[in-house]
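Naming convention: chains lettered A, B, ... in sequence-line order (proteins, then strands); numbering from 1 in each chain.
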Number of protein chains: 4
Amino acid sequence: MQVTVTEAARRKQITEAATEVIAADGYQRASYARIVEHAGLSSTRLISYHFRDKNDLMMAVLIAAIGTVDERMTARLDGVTDRVGMLRGYIESQVGLLRTHPAQVKAIREIAQNLPDLAPVLADFRVGRLARQLTQGQREGVFAEFDVRVMARTIASGIDGADSEDYGRELADLFIRACVG
Amino acid sequence: MQVTVTEAARRKQITEAATEVIAADGYQRASYARIVEHAGLSSTRLISYHFRDKNDLMMAVLIAAIGTVDERMTARLDGVTDRVGMLRGYIESQVGLLRTHPAQVKAIREIAQNLPDLAPVLADFRVGRLARQLTQGQREGVFAEFDVRVMARTIASGIDGADSEDYGRELADLFIRACVG
Amino acid sequence: MQVTVTEAARRKQITEAATEVIAADGYQRASYARIVEHAGLSSTRLISYHFRDKNDLMMAVLIAAIGTVDERMTARLDGVTDRVGMLRGYIESQVGLLRTHPAQVKAIREIAQNLPDLAPVLADFRVGRLARQLTQGQREGVFAEFDVRVMARTIASGIDGADSEDYGRELADLFIRACVG
Amino acid sequence: MQVTVTEAARRKQITEAATEVIAADGYQRASYARIVEHAGLSSTRLISYHFRDKNDLMMAVLIAAIGTVDERMTARLDGVTDRVGMLRGYIESQVGLLRTHPAQVKAIREIAQNLPDLAPVLADFRVGRLARQLTQGQREGVFAEFDVRVMARTIASGIDGADSEDYGRELADLFIRACVG
DNA sequence: AATGAATGAGCGTTCATTCAT
DNA sequence: GATGAATGAACGCTCATTCAT
């Protein structure tokens, strides 16, 4: 019994299943067999057919997850203009994603951890937006003088260690103190 | 041609090779075959002979690496009494280990990441010492009021994101500012 | 050179080869390697592909063997109505299977012996049919009073010890004497 | 710490441990590793030292177990002169051994099953004594005319299928009926 | 009489991928 | 756009045995 759907729909089905498997079982255990089982597909051949190889699949998962997460971040920070509010909003929003989009967040981390060549690229991407805001805040005299790159990466690291929204608020307090100095 | 050495020497040879392979290739790629090749041993059977199973080997690697790292940390913090100096010393020493003991540090992270039951235990172990120092600093009025647990975990996360000793110094500045408030 | 056949045909080829290997070498020596060699397949991977695991393969072997054996038994006892004739037919047919279907009979025994959870189920299955016939014979007054369960199991044990059709006839004489009493 | 005992004592310790492991886990799972663990020995080397190879060890286990079992049988049948009483005594005593010497009985069966060359020898040995008694009973006119070899083997098979002393008594009734005819 | 250390061969299973329609 | 079938390589682990004191 052969079910035919569009290329795009099939790719989406597979990347979503892969995202959930990676989040649940970790990158290394996210084999074609497990993804196929989770998605209820007929055979691993369907993955090979729609993705060149496993790396190709992982890139698709990553791009989709980053897209979703970024969209939410943009929406929640839209219209926030004061620097301190932006910093708090950034941190709390990111931590909040753990609850609203756990699979995407975990999948991004797993993939970044397991594809070493990707980690710095992802880190730069993630840190870039924040670093620009911090630099602007320093120019406006709202933030003290500190190494913007170190601060941005440390904030990102801190967010990765968070596990609740209470923790996120404490984290925001902490880094506002460190930035305002 | 059969080469015989003592049990202890062989175990050490294997754990050291395993440490290096884990650091270089990651936990998941640290197979018996790779370890044996790296150590120049005759067969993977030698590992099975000296370690009950792979988990047993990994625990031996972990214990050895933590022992080495802890010894260095203790030596470098010995005699430091003021809280701020301790905090700087802790952060800079930990970051410094990345250069002096890269394999041990990376192996500890890899093992913690890949043995999920172990991660919280290791995290508590690592954060505990720091949290006690922070609490004491608050009692003495040197540090501001903040959530000690969040601060300790954030410092640990920040250290994990570091990649140079310059970075470590900036990190110390940052967290001293956040703690002294 | 890749040879492709249907799933069903391949499964049958593998179960038949497995049946023969088990009968010849015993359950424990029936490794994937031996089965593949016996069947002339390209690699053990073919077995893993068509059967979930070794237990799955063994169940397939068992079901096929029992099916074959049962079919023969049913055919040979069909239309036999008198109790004594049935008893003789049952014993001689079962012993006869040793010559006509030696691999199936031996494979069933090997699997039952080596999968302990299975032994009682198989024993009940085998003994059940016989026990019902014996009980009915007692009701009709053809058979003496004896413990039906013990008699049925003893007949089954006796059959398992048989090694020729002459032996089977003697066995039938013996148990008819014991039953008619 | 090297403990030295006599050759004979050590062999006995090992064969007894092996007997228990075989009885508990089956012949195939009775590896040197398991035997050594069960006996509390320092290494498998101790087995290799005292026994030429695994077959040698199994023969020692078998001889010891048969010796024990035979001794009991002889003691219990000593002085029994009437044929029917002997037959009942033989069957009930053998079944009784299952309770009094379960490890020896199970070990003998396991070894016989797994060393195919041995099975007929053991069967003859076991059946011989019984067959002579049955023949004598026929000469005396106590027993009917039947194939002594088949009867003896069937009795032995029936005993192997027994699992309680009640079952043993039923079995004795059954075979007395079949023999006296 | 005993030991410590080492070993090659084999096991079932999982992996992502490829062949052939 | 989708499938069924096949594959070689690698995995951790266990086996009885042998080397060397």
Side-chain angles (χ1 to χ4, degrees), chain A residues 1-7 9-11 28-35 41-57, chain B residues 1-7 9-11 28-35 41-57, chain C residues 1-11 28-35 41-57, chain D residues 1-7 9-11 28-35 41-55 57:
Chain A
M1 165 197 58
Q2 184 168 314
V3 181
T4 295
V5 300
T6 63
E7 163 82 14
R10 188 62 92 195
R11 279 180 65 98
Q28 298 289 345
R29 304 182 68 83
S31 66
Y32 280 21
R34 282 195 177 80
I35 294 167
L41 301 173
S42 58
S43 102
T44 63
R45 188 63 185 78
L46 211 66
I47 301 181
S48 309
Y49 180 68
H50 288 282
F51 298 90
R52 199 179 333 100
D53 55 21
K54 194 169 188 185
N55 197 64
D56 187 31
L57 170 61
Chain B
M1 164 203 51
Q2 181 171 311
V3 181
T4 294
V5 303
T6 62
E7 162 86 10
R10 192 62 95 195
R11 278 180 68 99
Q28 297 288 345
R29 306 186 77 82
S31 68
Y32 282 16
R34 279 175 206 269
I35 294 167
L41 301 173
S42 56
S43 105
T44 63
R45 186 63 183 79
L46 222 70
I47 301 182
S48 308
Y49 177 69
H50 288 282
F51 297 89
R52 199 179 333 99
D53 55 24
K54 194 166 189 184
N55 197 64
D56 187 32
L57 170 61
Chain C
M1 164 201 53
Q2 182 171 310
V3 180
T4 294
V5 302
T6 63
E7 162 87 10
R10 191 63 94 194
R11 278 180 69 99
Q28 298 288 346
R29 307 187 77 81
S31 67
Y32 282 16
R34 279 175 206 268
I35 295 167
L41 301 173
S42 57
S43 104
T44 63
R45 187 63 183 79
L46 224 72
I47 302 181
S48 309
Y49 178 69
H50 289 282
F51 297 89
R52 199 179 333 98
D53 55 24
K54 194 166 190 184
N55 197 64
D56 187 33
L57 170 62
Chain D
M1 165 197 58
Q2 183 168 315
V3 181
T4 294
V5 300
T6 63
E7 164 82 14
R10 187 63 92 194
R11 279 180 66 99
Q28 298 289 346
R29 304 183 68 82
S31 66
Y32 280 20
R34 281 195 177 80
I35 294 168
L41 301 173
S42 59
S43 104
T44 63
R45 188 63 185 79
L46 211 66
I47 301 181
S48 310
Y49 180 69
H50 289 281
F51 298 90
R52 199 180 334 98
D53 55 21
K54 193 168 189 185
N55 197 65
L57 170 61

Between C/Ser42 and A/Ser42, which residue's closest nucleotide on DNA chain F lies nearer the 5′ terminus? A/Ser42
How long is the span from the CZ atom in C/Arg11 to the CG atom in C/Asp56, to the nearest 0.5 Å? 6.0 Å
Return no unless some side-chain N or O of D/His50 is found under 4.0 Å from OP1 or OP2 of E/dA2. yes
In terms of heavy-atom contacts, A/Leu57 and A/Tyr32 come closest through CD2-CE1, 4.3 Å
Nucleotide by nucleotide, nucleotides 11-18 of chain F touches protein heavy atoms under 4.0 Å in the pattern (B base, S sugar-phosphate only, - none) SSSBBBBB
Verify the contact: side-chain N or O of C/Arg10 to OP1 or OP2 of F/dA5, cut-off strictly under 4.0 Å; return yes or no. no
Distance-only criterion, 3.5 Å: show the donor-acceptor pairs between side-chain atoms of residues 41-48 of chain C and protein atoms not counting sequence neighbours.
unit_1	atom_1	unit_2	atom_2	d
C/Ser43	OG	C/Arg45	N	2.9

Between E/dA5 (P) and B/Leu46 (CG): distance, integer Å: 11 Å
Rounding to 0.5 Å, atoms CD (C/Gln28) and OG (C/Ser31) come to a distance of 11.0 Å
Between B/Ser43 and B/Thr4, which has a closest nucleotide on DNA chain E that is more 5'? B/Thr4
Round to a whole Å and report the spacing from CD1 of C/Ile47 to P of F/dG8. 14 Å
For C/Glu7 and F/dT3, give me the distance from atom CD to atom C1', rounded to whole Å. 13 Å
To the nearest 10 degrees, the angle between the two end axes of the helix from E/dA2-F/dT21 to E/dT21-F/dA2 (five pairs per end) comes to 40°
Checking B/Arg10 side chain against B/His50 main chain: does a donor-acceptor pair fall under 3.5 Å? no
Round to a whole Å and report the spacing from CZ of C/Phe51 to C1' of F/dA6. 15 Å
